[in-house]
Amino acid sequence: MSNPAPKPAPSQSNFIRQRIEADLASGKVKAVKTRFPPEPNGYLHLGHAKSILLNFGLAREYGGSCNLRFDDTNPEKEEQEYVDSIIESVKWLVPEFDGKALFASDYFDFMYRCAEYLVSSGNAYVDSQSADEMKRSRGDFTYPGTDSPFRSRSAEENLMLLREMRDGKHADGAHVLRAKISMTSPNINMRDPALYRIKRTTHHRTGDKWCIYPMYTYAHPIEDAVEGITHSLCTLEFEDQRPFYDWLLRKLADGGLLQQPLPQQIEFARLQLTYVLLSKRLLIKLVEDKVVEGWDDPRMPTLSGARRRGHTPEGFRKFAERVGVSKENSWINYSVLEDCMRQHLDEVAPRRFAVLDPLKLVIENYPEGQEEMMEAPNHPKKPEMGKRTMPFSRELWIEREDFKETPEPKYFRLFPGNKVRLRFGYVIECIGYDKATNTVRAKYLPETRSGTPGADSVKVKGNIHWVSVKHAHQAEIRIYDRLFKGEKPQGQDDLNPGSLGRIRAQLEPGLAAPEAVVVQFERHGYFAPDRSGFSRTVTLRDAWQ
RNA sequence: UGGGGCGUCGCCAAGCUGGUCUAAGGCACCGGAUUUUGAUUCCGGCAUUCCUAGGUUCGAAUCCUAGCGCCCCAGCCA
């Protein structure tokens, strides 16, 4: 009681929060309950991250809870492998997630009972038209549909047929259970939508128990209601489905099968990122065609790929906050995601030296055989992150970019006659370049050793990193570029052939055994230890050129 | 074409029970300061205008009318 509740970070107002707050204030809803309902037919991608963070975030923010629920109503497309990867990704992204997964298939019995109720109460019927006939009689945008010749079957006949369907007495496609609403509704989704179809397929969880499976349209509202979901968030394309969502729930509640308060569907705009393709169909194809190494290839826009790439949950949270939620069909620049990752990584990544494009430098007045240990902080602003030491010697690797025989204007790194600081080491002066050995020649100024009183006696503008040739640890570094070259890629034709680059780099010795999830190679960017090498997560911002 | 949505700065996005809007905030961008990462941080600048045209009103991004533009729906997919 003593301490005032910690003030939550002020969240950006949005239409969903407003709805929730109104429902809470009016007493319509006691506690917020949301859900994230993926279909286990692929790996989670960046678009899902927005939805996951939205649903779990809202629940946390309003002291409610959020379920991970698999929408496994189509056994033909769904697999256990996907279930496992999805659970793992959600766990990774949302620390407070308890790892418990729910399944639509656990409600199949109840859904079936609801179906029998709808039939008995005259709200559903078994249609025996072919798929093609159904399509034709549905009408189109300009013409109303026409009633199926089977629409007026008696409740008894419908019930009998439905049970036969359930018991596997009919072939796939022979019949379908439909809601009896109106074939003339201007909303095509209300023209007697299908509820159950016959699919004599083995389900990854219920096995061969069922011969009929509910449609998403029918199953989803029931799943929400059974779990006591208060706010069912989905993407814009389901907006036209909402009247049916409400219709179904009301019928079932009238029949005493569901309790108030009933869940309400709220739609928001899905994430669209430039240079990224988030279609599951295409992602599956990239994996199958081996265009990438797998679902977790660091170039993939999947969460498992992002993780290997070095992207972090905290970065994603910043991203979700930054892009907000609305009904506006917007495109987010990919650079926004990168910037969010940079922002988080800047705070937590230990700094290290890595020479990605090595050029040899010899300090001619530095005694051969001499070695010194140079101390460098792990983070420029966080002394609590400690320090590490690096061996310094006469021959060093420096970045090819950091030396120019003939510098362009405003270039302030190494060139003949110029002085530069070897970061956390000495100030050196370039005295030439030996073409025969491809070596930069320099002399050092002994009194300028970092951390000593004379360190600042010589002012220099440039600061470059280095690695002792004798002590360097070599490793492969994967440099990733965008997987697609177009700003709004359409498909595989837009793949960027240069999305993967491999280089051999010279690293400070401690990097032989990296402890951090992501480190910063100073002046380069953030890199994630990955498979005996490193994956470049994202570069540092660079105002030079 | 019928229905459903959306249109506020380069990109997001508040505001939309009308006045406090000559429109919040973030990102980007442009200056400038600090800096042993040309990074980070810091400070300053950045829509007389809210898709368009009318109307209501003392007063409109907010209300009304008519247009225009974009997205979604005609799976026994989700």
Side-chain angles (χ1 to χ4, degrees), chain A residues 10 12-15 37-39 41 71-74 76-78 127 129-132 134-136 138-145 172-178 184-191 193-199 212-213 215-217 219-220 234-243 267 269 274 280 318 321-333 335-336 339-340 342-343 346-347 351 353 376-377 379-381 410-413 420-425 427 448 450-451 455-456 459-465 520-525 539-545:
Chain A
Q12 166 94 40
S13 166
N14 67 48
F15 73 107
E39 182 188 15
N41 67 344
D71 229 328
D72 53 348
T73 58
N74 186 353
E76 282 168 2
K77 295 185 177 175
E78 299 152 6
D127 195 347
Q129 294 184 102
S130 68
D132 197 51
M134 257 180 75
K135 180 184 168 73
R136 265 182 276 122
R138 186 156 27 233
D140 63 16
F141 296 154
T142 33
Y143 292 97
D172 287 17
H175 309 282
V176 47
L177 183 72
R178 289 232 254 175
T184 58
S185 170
N187 179 350
I188 291 178
N189 297 291
M190 291 298 267
R191 319 243 259 230
L195 270 27
Y196 267 98
R197 73 289 216 188
I198 302 172
K199 251 186 216 295
I212 55 173
Y213 291 95
M215 301 284 293
Y216 159 86
T217 319
H220 207 87
C234 62
T235 43
L236 256 27
E237 67 270 27
F238 293 105
E239 223 152 9
D240 294 334
Q241 215 92 95
R242 194 169 65 231
E267 312 83 13
T274 58
K280 272 191 198 173
K318 279 179 199 294
E321 279 165 32
R322 220 187 257 189
V323 303
V325 207
S326 74
K327 301 188 73 158
E328 176 85 38
N329 223 304
S330 56
W331 282 83
I332 308 297
N333 288 125
S335 60
V336 173
D339 193 63
C340 289
R342 248 183 225 122
Q343 214 176 311
D346 176 57
E347 293 169 26
R351 311 293 132 122
F353 279 0
H379 190 110
K381 290 183 187 165
K410 292 189 184 163
Y411 183 86
F412 53 67
R413 278 113 91 176
V420 99
R421 172 170 292 280
L422 290 172
R423 198 158 154 73
F424 307 126
V427 170
T448 62
S450 285
D456 294 328
K459 294 285 181 198
V460 291
K461 188 108 191 284
N463 244 290
I464 67 174
H465 60 278
Q520 183 195 95
F521 290 169
E522 294 207 31
R523 306 206 299 133
H524 283 302
T539 61
L540 248 30
R541 290 178 51 170
D542 186 5
W544 165 246
Q545 289 187 337

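Below, read A as the first sequence line, B as the second, and so on, with proteins coming before strands; counting in each chain starts at 1. On a predicted model such as this, the values are computed, not experimentally measured, just so you know.
Residue contacts shown for A/Ala269 are absent, as no nucleic acid heavy atom lies under 4.0 Å away. Across all strands, A/Asn329 comes closer than 4.0 Å only to sugar-phosphate atoms, never to a base (heavy-atom distances). Residue contacts for A/Val460: at a heavy-atom cut-off of 4.0 Å it reaches no nucleic acid atom on any strand shown.
Between A/Asp346 and A/Arg351, at least one side-chain N (NZ, or NE/NH1/NH2) sits under 4.0 Å from a carboxylate O, which counts as a salt bridge. The residues A/Arg136 and A/Asp132 are annotated as salt-bridged, a charged nitrogen and a carboxylate oxygen being separated by less than 4.0 angstrom.
Within the 4.0 Å cut-off from OP1 or OP2 of B/C76, at least one side-chain nitrogen or oxygen of A/Arg138 is found. Between A/Ser185 and B/G3 there is no side-chain polar atom (N or O) within less than 4.0 angstrom of OP1 or OP2. Neither OP1 nor OP2 of B/G4 sits under 4.0 Å from any side-chain N or O of A/Arg242. Put simply, A/Lys327 has no side-chain N or O that comes within less than 4.0 Å of OP1 or OP2 on B/C71. Using a 4.0 Å cut-off, no side-chain N or O of A/Arg413 falls inside it from OP1 or OP2 of B/G38.
The pairing partner recorded for B/C68 is B/G7, the criterion being a Watson-Crick or G-U wobble arrangement whose two distances lie under 3.5 angstrom. B/G2 is paired with B/C73 under the Watson-Crick or G-U wobble criterion, all donor-acceptor distances under 3.5 Å.
Interface remark: the A/Gln241 side chain does form a donor-acceptor pair with the B/A78 base, using a distance-only criterion of under 3.5 Å.
Between B/G26 and B/A13, the two C1' atoms lie 8 Å apart (nearest whole Å).
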